[in-house]
Q: 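Sharing a structure with you now.
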Amino acid sequence: MPFAISIAQFNFIVGDVQGNAQKIIAAARDAHAQGAGLLLTPELALCGYAAEDLYLRPAFLDACEQALDSVAEATAGLDGLAVVVGHPWRRIVDGRECCHNAASVLRGGRNEQTYAKQELPNYAVFDERRYFTPGSGPCVFEVQGVRVGLLICEDAWFPGPARQAADAGAQLLATLNASPFHLGKSAEREQIMRERVAETGLPLVYAHLVGGQDEVVFEGRSFALDAGGFVSFRAPGFDEKLLHAAVNIENDAIKIAANVAPIAAPESDLWSALVMGVRDYVGKNRFPGALLGLSGGIDSALVLAIAVDALGADRVRAVMMPSPYTADISWIDARDMAERLGVRYDEIAIAPPFDAFKAALATEFAGRAEDATEENLQARIRGTLLMALSNKFGAIVLTTGNKSEMATGYCTLYGDMAGGFAVIKDVAKTAVYGLARWRNDNDPFGTGAAPIPERIITRPPSAELRPDQKDQDSLPPYDVLDAIVARYMENDEPIESIVAAGYAAADVERVTRLIQINEYKRRQAPVGIRVTPRSFGKDWRYPITNRFRA
């Protein structure tokens, strides 16, 4: 008999246990009304992913247990519907209290069975072995005559758990997921799931989280594969919705059918991830809006465009803070861009406080030439002004530094690093230019075409902290710099192999040394959105005091 599967591809909020429970209950009622026999929620949906050290607090686990009971009670009258809820599960095993990353099958007001995730990731942004104990056996339950084998995220990246479920009689694999986004991850997931399908001969449905949580973003894009490994259903990415897919059984073959949304181009995915990351960080932390320093340069221009797409022009404020070294074209272009996007724009000259700082330090600095000290003073004055505006009006300061700058320390502590959220912290400078051009050619959120003046994209980048300054005075060309950073930092390639690939030894030595000596700065940087397989965040944990050279 045909039935439907519903997937709650929802944006759950970490710690809002009761709010998440209510979303699940509402989804269950909607799914039941649509004739679904099964509702799948993402991994740890009840508490939000990832709750980190909240899992160590008994009161938090108590709240999750109570919320799970409330979902079971509220869905008791939804005849014929099984609701699978991801949640932490505390229990006693061999006389010791432990906690599992789990999912329970709720039906008719009862918790029929609970599955504990077996494969616990402990790499990149994951710390699951800090909190959870692995499970050891399969979970198979029946929905309208179809035996469903339950998996949780990392379980499906290894053959064992899926094989267990198949051996236990499963005819369909259902995996609950909270798998962080990076470029190319959607296609990678589908390929790994295709391997599980090939090994077991079973179709698979993949229920995925959507939304931003601190530095990570989840793009949704839930999908299903038939027994031949072909995509028979794929949800749009970065879109919160309750999804419905039809399940048909023909000659004992289970087919899941719904719309197959295309996987977007890389630039589109990257833009959507950055927009979602800003929107959810600002919204979930209840900031009324955002502000940033708009310099007339490419990085702040890109951040302004992202912020407006995420929050709307009425919740974004741009502040231009010219110094004695600011070129006329910088403030002209900044004004132009602010007008194009319709944001509030203010100018606060920093020459008076800069002169006052230099006067206060004149005796101490007597006989010494101006150097990076005076450059950093300008950046720190700007940071102080932005933070003062943030304190007074409540808006969060968005920092504008990119990954190339974070890697090499081409940024100023308490200056351009001052703020609450680093939007493009994981976007290399070369990618910044590509994204700017993509956004000028596309208007995905309807906030205005071509928001970035062409001259901002084409002029040589400069911090404008001394006369005629250019970024390339201090750094290799960005295409060279970014390639070295990617090889060394993202891929752990040794220096020798990077040189052997054709990069100048002096450039490689310089860049890798800068990466090492600027760890102390990155430790003090705001959290930022992760969009590559390795960011300067949870998946980069190097000692500050460190004499090892690879």
Q: Kindly indicate whether a cation-pi arrangement holds for K117 with F132, taking the cut-offs as under 6.0 Å to the six-membered ring centre and within 45° of the axis.
A: no

Q: Would you check if the side chain of R530 reaches a backbone N or O of E215 as a donor-acceptor pair within less than 3.5 Å?
A: no

Q: So, E52 and R57, do they make that salt bridge, N to O below 4.0 Å?
A: no

Q: If only side-chain N and O atoms count, and only distance matters, is there a donor-acceptor pair under 3.5 Å linking N101 with E128?
A: yes

Q: Taking atom types as modelled and ignoring hydrogens, do the side chains of S404 and D482 form a donor-acceptor contact shorter than 3.5 angstrom?
A: yes

Q: Please tell me whether S104 and T114 have a donor and an acceptor in their side chains that are separated by less than 3.5 angstrom.
A: yes

Q: Closer than 3.5 angstrom, by distance alone: can the side chain of N111 be matched with the main-chain N or O of L106 as a donor-acceptor pair?
A: no

Q: Using a 3.5 Å distance criterion without hydrogens, assess whether the side chain of D53 forms a donor-acceptor pair with backbone atoms of L56.
A: no

Q: As a quick check of understanding, evaluate side chain to side chain donor-acceptor pair (under 3.5 Å) for Y123 and D539, giving each step before the final call.
A: CA-CA 7 Å; Y123 56 86; D539 41 356; over 6 Å; no

Q: Has the side chain of T41 got a donor or acceptor atom that lies under 3.5 Å from a matching backbone atom of V84?
A: yes

Q: Taking side-chain hydrogen bond (donor to acceptor under 3.5 Å, both in side chains) as the test, write out the residues that go with R315, two or more places apart.
A: none

Q: Of I529, V282, T399, V397, which meets side chain to side chain contact (heavy atoms under 4.5 Å, CB included) against F421?
A: I529

Q: Would you say the side chains of S232 and D226 form a donor-acceptor pair under 3.5 Å?
A: no

Q: If you define the side chain from C-beta out and look only at heavy atoms, does anything of L39 sit under 4.5 Å from T75?
A: no

Q: Would you say the side chains of E219 and S186 form a donor-acceptor pair under 3.5 Å?
A: yes

Q: Do M276 and D239 have side-chain heavy atoms sitting under 4.5 Å apart?
A: no

Q: Evaluate the side-chain proximity of P451 to N440: yes if any heavy-atom separation is below 4.5 Å, no if none is.
A: yes

Q: With no hydrogens and no angle check, just 3.5 Å: does a side-chain donor-acceptor pair link Y55 and D127?
A: no

Q: Please verify the inter-ring angle class for Y206 with F223; under 30° counts as parallel, over 60° as perpendicular, anything in between as tilted.
A: parallel

Q: Does K429 reach the main-chain N or O of L481 with its side chain, forming a donor-acceptor pair under 3.5 Å?
A: no

Q: Is the backbone N or O of C411 less than 3.5 Å from a side-chain atom of K521, with the two atoms forming a donor-acceptor pair by type?
A: yes

Q: Can you tell me how far apart CZ (R523) and OH (Y542) are? Round to the nearest 0.5 Å.
A: 12.0 Å

Q: Can you say whether the rings of Y281 and F287 are parallel (under 30°), tilted (30 to 60°) or perpendicular (over 60°)?
A: parallel

Q: Would you call the rings of F181 and F238 parallel, tilted or perpendicular, taking 30° and 60° as the class edges?
A: perpendicular

Q: Taking atom types as modelled and ignoring hydrogens, do the side chains of E154 and Q118 form a donor-acceptor contact shorter than 3.5 angstrom?
A: no

Q: Should the pair F12 and F10 be assigned to parallel (<30°), tilted (30 to 60°) or perpendicular (>60°) ring geometry?
A: tilted

Q: Side chains of R196 and E199, heavy atoms from C-beta outward: is any pair under 4.5 Å?
A: yes

Q: To the nearest 0.5 Å, how far apart are CG in L243 and NE2 in H208?
A: 12.5 Å

